[in-house]
There are 4 protein chains.
Amino acid sequence: MHKSPGLHRFLTFVDAIIAIAITLLVLPLVEMTSELTEETSLEELWSPETIGKYGSFVLSFAVIFRLWQVHHKLMEPIESYDRVVGVVTAAWALTIVFMPFPTALIGIYGNEEVPVIALYLLTLFVSSALLTALALYLARRTELHEADVESSKRMAVPSVVTTILTGLAAVIGILVPRVNYGALLLLLLTGVLTVLVNRRLRLPQEEA
Amino acid sequence: MHKSPGLHRFLTFVDAIIAIAITLLVLPLVEMTSELTEETSLEELWSPETIGKYGSFVLSFAVIFRLWQVHHKLMEPIESYDRVVGVVTAAWALTIVFMPFPTALIGIYGNEEVPVIALYLLTLFVSSALLTALALYLARRTELHEADVESSKRMAVPSVVTTILTGLAAVIGILVPRVNYGALLLLLLTGVLTVLVNRRLRLPQEEA
Amino acid sequence: MHKSPGLHRFLTFVDAIIAIAITLLVLPLVEMTSELTEETSLEELWSPETIGKYGSFVLSFAVIFRLWQVHHKLMEPIESYDRVVGVVTAAWALTIVFMPFPTALIGIYGNEEVPVIALYLLTLFVSSALLTALALYLARRTELHEADVESSKRMAVPSVVTTILTGLAAVIGILVPRVNYGALLLLLLTGVLTVLVNRRLRLPQEEA
Amino acid sequence: MHKSPGLHRFLTFVDAIIAIAITLLVLPLVEMTSELTEETSLEELWSPETIGKYGSFVLSFAVIFRLWQVHHKLMEPIESYDRVVGVVTAAWALTIVFMPFPTALIGIYGNEEVPVIALYLLTLFVSSALLTALALYLARRTELHEADVESSKRMAVPSVVTTILTGLAAVIGILVPRVNYGALLLLLLTGVLTVLVNRRLRLPQEEA
């Protein structure tokens, strides 16, 4: 299965955008150092506030990497693309490029402020929902890939599962302030649930 | 139609530049957070000024993505390149790399200041005009691609249409302060006008 | 030996992440200029503090480039990948994306503060150890590449050697403050030691 | 002439680094906006100081793009690489990644300070000299490419010419403060001189 050169260039472009967004996550940490001088106590580096910045950095890195992998998996069998795929993918990339902003906010407000938690979790939810929209569209447009009907359905399962879990995490994280970002641990269930759904729908399991 | 390895590497390089420029658009948002402390009221995040920053971020993301797509489409049938293509593409990339600056200015001055509106819209116009210059040049240099005469003409239509609409948007946006960036909504007409022009010139429609 | 398209896209994505992280190393230098005005004495540019920033920039550039090369070498014969390779590579990329932060800290505290030295050297050690974990895993998973048993073993040698030297450098650099980052000069021995280990294990030498 | 997969990945990695460095040139402009508020007079944007920043941005963009093109041209016929090529290319990439720093300094000090002019021009000279070292090395290592003896020699001509002109520009720019960066206009002679040298050495002209 070969991609059209146009799709190849499009995906490389989008991947570069995501790669940059994931790397910009370190900026609030680097930025923080511009306020330090040689005389600043190093305890600053282990203060709760700073540890919050480390945490939001690692969390967002993991989440963006995960979303990229869902997109990657989704596009693997696709051979060409149309206007809808282009627009939805661009909108998805926009949500990822936006991520360093709510990440930086978490680094400042920690888990104290519900609006900040909500902005972060809802950005993730919209990002994941756009991937699901893309998956469902691709599953129907069989002329864009070589996958048979069963594989087409299976393609959409991981992103549907991820979106439902992200939505659930958003609801729990916003309503139960004590849980907040911890609700994203629900995403660890993606693998198991994908297997279960595939089994339920009698779809073949993916190998990797 | 295969690209020469040299052209392939050139396009990948240019794409990476555009991808980075589009991602740097988030910096004014991240930068803004460096002034916040845990005690800052969150209302700051929904103040008119901040909403202006969100708006300029989304607008510029959409506009750069669109310009990239025009370039992408334009280069699709091209198989090798010469010095003129190299220089014009580099100049075009310069306009895109510059974009985060007028975008950041919009984030500060909103739609209050005509010079800022003018800088933004004229940068877009120059960027689009360079793409058109490239398209017209490529349409004549048939030895750089395999397209026949009709396809060559058709190649240039979307960027000519985009450039005329951007120029019109610049004139309206600068002369009618109440419209300002809203004039860019004219770009939504690109698709329809391209079809109309192709029909008028009796050129075959593109499929995608 | 051809890589699966999925692996190709994955590696390009990871490479882009590393390329950005290595380029962000210049930010503390650029950042520093934002405090300068036309009236600032230029002696600032050659002050010991600034020279520390130049040093940490060059050191981190060399170290990240070296780690990337180990990864590059390691993946060269690999043809496809599984979940473990994906997760370990993502974790490795995380350590590299983090690097601009300890680099910026060195630029401020120089070699005066043991915790800063420790953070820097331990980040490098973890990064290198993840590459070794990847190498050892790949050496056993012969279905992911076409290398024979001897080549598989040889693949792991450079990263094992690098990790041991980085670990040693971390111990020395932390315990002997006068040596600090100088301990990384141990890494210059990687080439020689790799040859020696290969000879000892009677493995064929690599050509390049 | 096909590149080895290892060389392909190496070049893509280096290209990404250069692409990011060229894009970071806009940061001093974006940074400048973070000091503006809605009340700042817009005249700031056309002050001599700001115009200096625009100038240094465009100058460095053009110079880096040019150096990248020399590298691009140089590597076009190369099919595999060795340790020397790897190390020299990495050192060259380091000079490019460093460029945003002297560029930012120019943005502040303009053409008033000889040390700043010297730092900028010497960085360019070192960068260009490393490309020439690479070219001369590659011309001798015929096993790394398929070019015949004459083409090998011709490969080195553009970078030798560029390096001599950059060195001359550095000497003039440092010694004659009134000329300063204007000395780089000498680089416009690269094309003509390359043709002349090729003719003198009775080497065939390149087509593009």
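Keep in mind it's a predicted model, so treat the numbers as computed, not measured. Chain letters run A, B, ... following the sequence lines, proteins first, then strands; residues in each count from 1.
Interface residue D/Ala93: backbone and side-chain heavy atoms are both found under 4.5 Å from chain C. Looking at C/Ile18, both its backbone and its side chain come within 4.5 Å of chain D, counting heavy atoms on both sides. Proximity to chain C (any heavy atom under 4.5 Å) is restricted, for D/Leu24, to the side chain, taken from C-beta onward.
Among C/Val26, C/Leu27, C/Ile22, C/Leu25, the residue with the largest count of heavy-atom pairs under 4.5 Å with chain D is C/Val26. No other option in D/Pro100, D/Ala104, D/Ala90 has as many heavy-atom pairs under 4.5 Å with chain C as D/Ala90.
For C/Ser128, the side-chain contact (heavy atoms from CB on, under 4.5 Å) partners are C/Leu67, C/Thr162, C/Thr163, C/Thr166, not counting sequence neighbours. When the ring pair (Phe, Tyr, Trp, His ring centres under 6.0 Å) test is applied to C/Phe13, the partners found at least two apart in sequence or on another chain are A/Phe65, A/Trp68.
Side-chain polar atoms of D/Asp82 and D/Tyr137 form a donor-acceptor pair below 3.5 angstrom.
Aromatic ring pairs are classed by plane angle as parallel below 30°, tilted from 30° to 60° and perpendicular above 60°; the pair D/Phe101 and C/Tyr54 is perpendicular.
For the pair D/Leu7/D/Glu79, no side-chain contact is recorded, criterion being any heavy-atom separation below 4.5 Å from C-beta on.
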